[in-house]
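Written out below as structure tokens is the structure these notes cover.
Basis for what follows: all heavy atoms, side chains included, without hydrogens, waters or symmetry-related copies.
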Amino acid sequence: MPLYEHVFISRQDLSNTQAEGLVEHFSGVVTDNDGKVVDTEYWGIKTMAYKINKNRKGHYAFMRTDAPAGAVQEMERLMRLHDDVMRVLTIKVDEHAEGPSVQMQKREERGERRERRA
């Protein structure tokens, strides 16, 4: 089955448990449609680059799935209909990266930044 990575942003006025509940809810949608959720991460509240629906911040969540296209389409459809979800990004990948995502890694583990050029 194809591999996907999903990031979605939910409203900032939700509690942390409600935002994590959304991740569990949409994971259930994937598994109900013959898919498999490989990994989920809750990234917390982050400031966005621009306002979305009058919100400056949002709860970010990340999911790695191994699911047929129909399961992903159904999950995205339900996300678009859900009032608490503001944005969704789904990417089809060749393989899932090992370990935590870049957002969850400690700053020391990410590697050195390139030096600025003059």
Side-chain angles (χ1 to χ4, degrees):
M1 280 192 274
L3 304 174
Y4 295 95
E5 292 183 352
H6 315 274
V7 176
F8 66 94
I9 307 170
S10 54
R11 293 184 308 130
Q12 67 184 3
D13 55 347
L14 297 176
S15 67
N16 288 351
T17 54
Q18 287 174 322
E20 291 174 355
L22 284 176
V23 175
E24 293 172 10
H25 171 70
F26 293 122
S27 297
V29 171
V30 171
T31 54
D32 290 345
N33 289 302
D34 300 326
K36 184 174 88 171
V37 177
V38 177
D39 187 24
T40 61
E41 294 177 358
Y42 171 68
W43 291 347
I45 296 180
K46 298 195 176 289
T47 304
M48 296 183 278
Y50 55 90
K51 287 184 180 180
I52 300 174
N53 300 336
K54 300 181 183 177
N55 291 305
R56 180 61 74 185
K57 295 182 179 187
H59 291 273
Y60 281 68
F62 176 71
M63 296 171 53
R64 291 182 178 128
T65 60
D66 182 6
V72 173
Q73 289 172 349
E74 178 65 14
M75 183 186 70
E76 287 182 337
R77 184 185 75 81
L78 293 173
M79 284 182 174
R80 284 193 304 270
L81 293 174
H82 205 285
D83 291 336
D84 293 334
V85 177
M86 295 188 298
R87 287 287 189 273
V88 179
L89 174 69
T90 300
I91 298 173
K92 185 176 180 181
V93 294
D94 294 329
E95 63 183 30
H96 290 302
E98 294 295 321
S101 65
V102 176
Q103 289 289 329
M104 295 299 285
Q105 292 175 0
K106 292 181 182 175
R107 196 169 286 276
E108 299 88 37
E109 295 174 2
R110 291 185 192 171
E112 298 296 320
R113 295 180 88 186
R114 293 184 289 154
E115 294 183 23
R116 291 189 176 196
R117 298 180 190 201

same_hphob_cluster([X], [Y]) at 4.5 Å side-chain heavy-atom cutoff:
X: Leu22; Y: Val30; result: yes
X: Val85; Y: Val37; result: yes
X: Met86; Y: Val29; result: no

State, yes or no, whether a side-chain contact exists between Asp39 and Glu41 at a heavy-atom distance under 4.5 Å. yes
Heavy atoms, side chains only, cut-off 4.5 Å: are Asn55 and Ile9 in contact? no
For the residue pair [X] and [Y], what are the closest heavy atoms and their distance?
X: Tyr42; Y: Ala19; result: CE1-CB, 3.8 Å
X: Asp34; Y: Pro68; result: O-CD, 3.6 Å
X: Ser27; Y: Met63; result: OG-CE, 3.8 Å
X: Leu14; Y: His59; result: O-NE2, 2.8 Å
X: Gln12; Y: Arg56; result: OE1-N, 4.0 Å
X: Leu3; Y: Asp94; result: CD1-O, 3.5 Å

Pairwise distance [atom1]([X]) to [atom2]([Y]) - rounded to 0.5 angstrom:
X: Arg11; Y: Asp84; atom1: CZ; atom2: CG; result: 4.5 Å
X: Gln73; Y: Arg77; atom1: CD; atom2: CZ; result: 11.0 Å
X: Phe62; Y: Leu89; atom1: CZ; atom2: CG; result: 10.0 Å

Using ring-ring contact (aromatic ring centres under 6.0 Å, His included) as the criterion, point out the one residue from Phe26, Tyr60, Trp43 that pairs with Phe8. Phe26
What verdict does the side chain to side chain contact (heavy atoms under 4.5 Å, CB included) test give for Met48 and Arg87, after you've listed the backbone C-alpha separation in whole Å, the side-chain angles of each residue and the deciding distance to 0.1 Å? CA-CA 11 Å; Met48 296 183 278; Arg87 287 287 189 273; over 6 Å; no
Among His6, His82, Met79, Met75, which residue meets the side-chain contact (heavy atoms from CB on, under 4.5 Å) test with Val88? Met79
